[in-house]
Amino acid sequence: MPLPHVPPHAWEVSPEEAVAIQMQWRERVIRVDCLGEVRTIAGVDVGFEDEGRVARAAVVVLDFPGLVMREQVLARRPVTFPYVPGLLSFREAPVILEALARLRLWPDVLLVDGQGIAHPRRLGIASHLGVWCDLPTVGVAKSRLVGQHAPVAEAAGAWQPLYEGDEVIGAALRTRAGVRPVYVSIGHRVSLETAIDLVMRCTRGYRLPEPLRLAHHLASVVEKGGKEGR
DNA sequence: GCGACAG
DNA sequence: ATCTTGTCGC
């Protein structure tokens, strides 16, 4: 339930230090189901404003499997780390943790916009957040970071394992016919099979599952501050 | 040296 | 991620 305190500079590290931290934290990731009955599921996404100088995190909590909106929170924070493929969590996790701290309903599972273990060092942002918060998480990325996969059948629900060598690190999942597949991977405490099942059960006619679609929308609409919203 | 490269 | 209008297709 509680959230680890985030020391002001806990995430203020150099890219080299960030890689070292990932090498140390990768082993803490739990790749099997270690969660109870799922009654609420959340989604988190990050948007930017002021020419990329400020990050905005949106977290949306929904009932499961009903998918009725239960709570939504926003957090804003100056960006302190550049975008470097493979080090996304050091750029986006700080503002996400701030948003999660404002949540009064702790979700049973969290869907994250990005990779879980389908990452060079098996610690994408979904896994990093999961371990940090000891929360079951699933990585749902709109594009591939690493790994290869066979062509995915056109039907909604079809998927192909994502491989890096002999290791299955995730799945290319067609959430809807006619759209590019999304990349689902274990975040923390959720098996790949369960991750795929949860994503499909949260999908309602769009490429992205509802928690992420709503979080993305919320992170894009700002009343005051950056743009006008859309 | 030449690509690839979550958001 | 973000800058941005109209436009092609189901």
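Below, chains carry the letters A, B, ... as their sequence lines are ordered, and counting in each starts from 1.
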Item to check | Ion pair A:Asp108/A:Arg39, N-O distance below 4.0 Å | outcome: no

Checklist entry - What is the distance from CG of A:Leu162 to P of B:dC5, rounded to the nearest Å? => result 12 Å

Checklist entry - Just checking A:Gly124: base, sugar-phosphate only, or nothing, at a heavy-atom cut-off of under 4.0 Å? => result base

Item to check | Side-chain N or O of A:Ser143 closer than 4.0 Å to phosphate OP1/OP2 of B:dC5 | outcome: no

Checklist entry - Can you say whether the rings of A:Trp132 and A:Trp25 are parallel (under 30°), tilted (30 to 60°) or perpendicular (over 60°)? => result parallel

Checklist entry - If you group Ile, Leu, Val, Met, Phe, Trp and Tyr by side-chain heavy-atom gaps below 4.5 Å, do A:Val112 and A:Tyr83 land in one group? => result yes

Checklist entry - With the 4.5 Å side-chain cut-off for hydrophobic clustering, are A:Leu100 and A:Val190 part of the same group? => result yes

Next on the checklist: Over all strands shown, is A:Glu92 touching base, sugar-phosphate only, or nothing at heavy-atom distances under 4.0 angstrom?
Outcome noted: sugar-phosphate

Checklist entry - What is the distance, rounded to the nearest whole Å, between atom CG of A:Asp45 and atom P of C:dA1? => result 7 Å

Checklist entry - Contact class for A:Gly178 (heavy atom, under 4.0 Å): base, sugar-phosphate, or nothing? => result nothing

Checklist entry - For the pair made of CD in A:Glu51 and C1' in C:dA1, what is the distance, rounded to whole Å? => result 13 Å

Checklist entry - Rounded to the Å, how far apart are A:Arg207 CZ and B:dA6 P? => result 13 Å

Next on the checklist: Tell me whether the side-chain N/O atoms of A:Lys142 come closer than 4.0 Å to OP1 or OP2 in B:dG7.
Outcome noted: yes

Checklist entry - Between C:dA1, B:dC5, C:dT2, which one does the side chain of A:Arg144 approach most closely? => result B:dC5

Item to check | For atom CG of A:Asp113 and atom P of C:dA1, their distance in whole Å | outcome: 7 Å

Next on the checklist: Heavy atoms only, 4.0 Å cut-off, all strands: where does A:Tyr83 land among base, sugar-phosphate and nothing?
Outcome noted: base

Item to check | Whole-Å distance separating the CZ atom of A:Arg56 from the C1' atom of B:dG7 | outcome: 14 Å

Checklist outcome for this item: Considering only heavy side-chain atoms of A:Ile125, the closest of B:dA6, C:dA1, C:dT2 is B:dA6

Checklist outcome for this item: dist A:Leu62:CG -> A:Arg70:CZ (nearest 0.5 Å) comes out at 10.0 Å

Checklist entry - Just how far, in rounded Å, is P of B:dA6 from CZ of A:Phe48? => result 13 Å

Checklist entry - In terms of side-chain heavy atoms of A:Leu145, which of B:dA6, C:dA1, B:dG7 is nearest? => result B:dA6

Checklist entry - Roughly how many Å is it from CD1 in A:Ile96 to P in B:dG7, rounded to a whole number? => result 12 Å

